[in-house]
Amino acid sequence: MSLPHLTLKSARVRLTLTYLSIIMALTLGFSAVFYHQSITGADAGLSKQIQELRDNLYFTTTANLEQIHDVELRRFRDNLLAKLALFNAGMLTVGAATSYLLARRSLRPLEEALTSQSRFTSDAAHELRTPLTAMKTEIEVSLRDKKLDTKEARAVFRSNLEEIAKLETLTAALLRLARRSEKIDKTNWQSYKISEILQAAYKRLADKASAREITVKLPKTKAVVCGDPDQLVELFVTLFGNAIKYSHDKGDVDVRVHETERKIVVDIIDSGVGIADVDLPHIFERFYRADQSRTRSAAEGYGLGLSLAEAIATVHDGKITVKSTYGKGSTFTVTLPK
Ligand code: ADP
């Protein structure tokens, strides 16, 4: 078991004990008050009865009456104490079980975050290692080659540069993901025309689209969104980029905008490769890539784009949903508040 999970286990034990002590403090407090009130009530009741006997029965001595009072009160107290002990033992058992379940429930989000964090770290390490291993192998092979000429050495440098470019892309994405988890400053957010955001996002990808003769149709709209313009552009760069990347050459990507009373809805519709049903629930997970994307464009992504886009949408109190038919195309829908 890893160190964070051990810490989590001890936190669970401590939280269980804390919950249990709160439950038992309340139960014991209640029992003490109940005991005190019951004994006072019984004492008063018995005294009243004794008084009535004393008033009405002339053949019994006062000493006997006092004795009866004490015996009855003792019997009542023993009975009450036995019941309260049973009640407290029951509460201890039920309380321990409830406390444990409550502690597990309270710590579950933390546990999930820890698990996802460690999976993320190992995925990131794996993705970082792949280009490093490729570079290392190439350099080692070249160094062993005594007759390596300048042309061959240049080819190795070129290939190494490609791997370094991949590392740069990956580390930049990792950095952006890390920044998303930091506290967001919303004080400078303003309203922007969504058409300008979409234009700015498209501008960054226009070359890629025209290189494969893909047409991206942008809508004419006066709708306005509130948020961080750079992040919103980044969100649409990811979605447009994917729509282009997973489209067939000469395909069309249609972007539509409509407004509801409080929201702006942007649909990005492509008629590309589509996403299989088995992959659909996972595509927003970090490092997740559908099998066909790994084989089709292994160099073109790390499976981080959608999780970044989703994080940006969430920060803006929005969301991204997807509908897709494998082999026919996908529609990503971004909903943002006005
Ligand atoms: P990347 O595109 O870098 O692999 P993303 O996080 O952007 O990573 O997307 C995750 C996966 O979702 C992709 O690998 C791909 O399989 C699938 N995907 C995303 N957008 C589309 C799309 N428009 N059409 C088909 N598949 C898509």
Side-chain angles (χ1 to χ4, degrees), residues 116 119-120 123-124 126-128 130-131 162-163 165-181 198 201-202 204-206 208-209 211-218 231-256 265-315 318-335:
S116 116
R119 197 176 48 223
F120 174 68
D123 285 346
H126 177 78
E127 294 291 351
L128 286 168
T130 314
E162 275 170 26
E163 299 299 340
K166 282 187 209 166
L167 280 174
E168 267 178 351
T169 317
L170 177 58
T171 43
L174 288 174
L175 216 65
R176 287 204 299 276
L177 259 181
R179 289 210 192 107
R180 294 284 166 266
S181 0
L198 298 176
Y202 172 66
R204 290 214 222 151
L205 298 156
K208 274 191 183 162
R212 293 181 47 217
E213 294 179 55
I214 292 169
T215 314
V216 180
K217 280 187 235 154
L218 294 180
Q231 287 189 21
L232 290 173
V233 169
E234 195 180 326
L235 185 162
F236 288 106
V237 166
T238 303
L239 296 182
F240 291 177
N242 280 350
I244 295 167
K245 189 157 66 172
Y246 300 108
S247 273
H248 304 293
D249 290 354
K250 299 187 182 170
D252 286 325
V253 175
D254 200 3
V255 184
R256 294 180 193 167
V265 184
V266 184
D267 287 320
I268 297 123
I269 308 157
D270 70 61
S271 40
V273 296
I275 304 163
D277 286 349
V278 281
D279 294 316
L280 216 48
H282 303 288
I283 57 169
F284 288 94
E285 289 169 15
R286 291 160 176 185
F287 290 110
Y288 189 87
R289 305 196 76 203
D291 268 350
Q292 103 273 8
S293 337
R294 285 183 188 279
T295 46
R296 188 176 169 273
S297 52
E300 289 180 38
Y302 290 97
L304 290 175
L306 283 182
S307 51
L308 259 165
E310 191 180 44
I312 295 174
T314 309
V315 162
K319 62 177 180 176
I320 306 177
T321 53
V322 55
K323 280 191 190 133
S324 187
T325 311
Y326 187 59
K328 291 211 164 148
S330 318
T331 299
F332 282 80
T333 302
V334 184
T335 310

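What you see below is based on every heavy atom in this structure, not just the backbone, and it leaves out hydrogens, waters and symmetry mates. Every number for a ligand or one of its atoms is a count from 1 in the order of the listing.
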Proximity of Ile275 to ligand 1 by residue part, where a heavy atom lies under 4.0 Å: side chain
Among Leu306, Val322, Val253, Leu308, closest by heavy atom to atom 6 (O) of ligand 1 is Leu306
Ligand 1 contact by Arg286, heavy-atom criterion under 4.0 angstrom: no
Tyr302, any N or O under 3.5 Å of ligand 1 N or O: yes
Just jot down the ligand 1 atoms closer than 4.0 angstrom to any heavy atom of Ser330, in number order. 22 (C), 24 (N), 25 (C)
Is the backbone N or O of Gly329 less than 3.5 Å from a side-chain atom of Ser324, with the two atoms forming a donor-acceptor pair by type? yes
Please tell me if the side chains of Phe284 and Val322 come closer than 4.5 Å, counting only heavy atoms from C-beta onward. yes
Regarding atom 2 (O) of ligand 1: of the candidates Tyr288, Tyr246, Tyr326, which has the closest heavy atom? Tyr246
Test your reading of the structure: does Gly301 have an N or O sitting under 3.5 Å from an N or O of ligand 1? no
Over all heavy atoms of both residues, which pair between Leu205 and Phe240 is shortest? Give the atoms and the distance, please. CD1-CB, 3.5 Å
I need the contact type for Ala290 against ligand 1. Using non-hydrogen atoms and a strict under-4.0 Å cut-off, is it side chain, backbone, both or neither? both
With backbone taken as N, CA, C and O and side chain as the heavy atoms from C-beta onward, which portion of Asp270 lies under 4.0 Å from ligand 1: side chain, backbone, both, or neither? side chain
Please step through side chain to side chain contact (heavy atoms under 4.5 Å, CB included) for the pair Thr171 and Leu128, ending with a clear verdict. CA-CA 8 Å; Thr171 43; Leu128 286 168; 4.1 Å; yes
Check: Arg286 side chain, Ser307 main-chain N or O, donor-acceptor pair, under 3.5 Å: no
Is there a donor-acceptor pair closer than 3.5 Å between any side-chain N or O of Asp270 and the backbone N or O of Val253? no
Any non-hydrogen atom of Gly272 lying under 4.0 Å from ligand 1? no
With Val266, which of Val255, Thr335, Thr333 fulfils side-chain contact (heavy atoms from CB on, under 4.5 Å)? Val255
Run the numbers on Leu304 and Leu170 for side chain to side chain contact (heavy atoms under 4.5 Å, CB included), then give the verdict. CA-CA 9 Å; Leu304 290 175; Leu170 177 58; 3.9 Å; yes
Numbered atoms and elements of ligand 1 in range of Leu304, under 4.0 angstrom, heavy atoms: 6 (O), 8 (O)
Find all atoms of ligand 1 within a distance of less than 4.0 Å from any non-hydrogen atom belonging to Lys245, and give their numbers and elements. 1 (P), 2 (O), 3 (O)
Any N or O of Phe332 closer than 3.5 Å to N or O of ligand 1: no
Could you check whether Phe236 and Tyr202 have their ring centres less than 6.0 Å apart? no
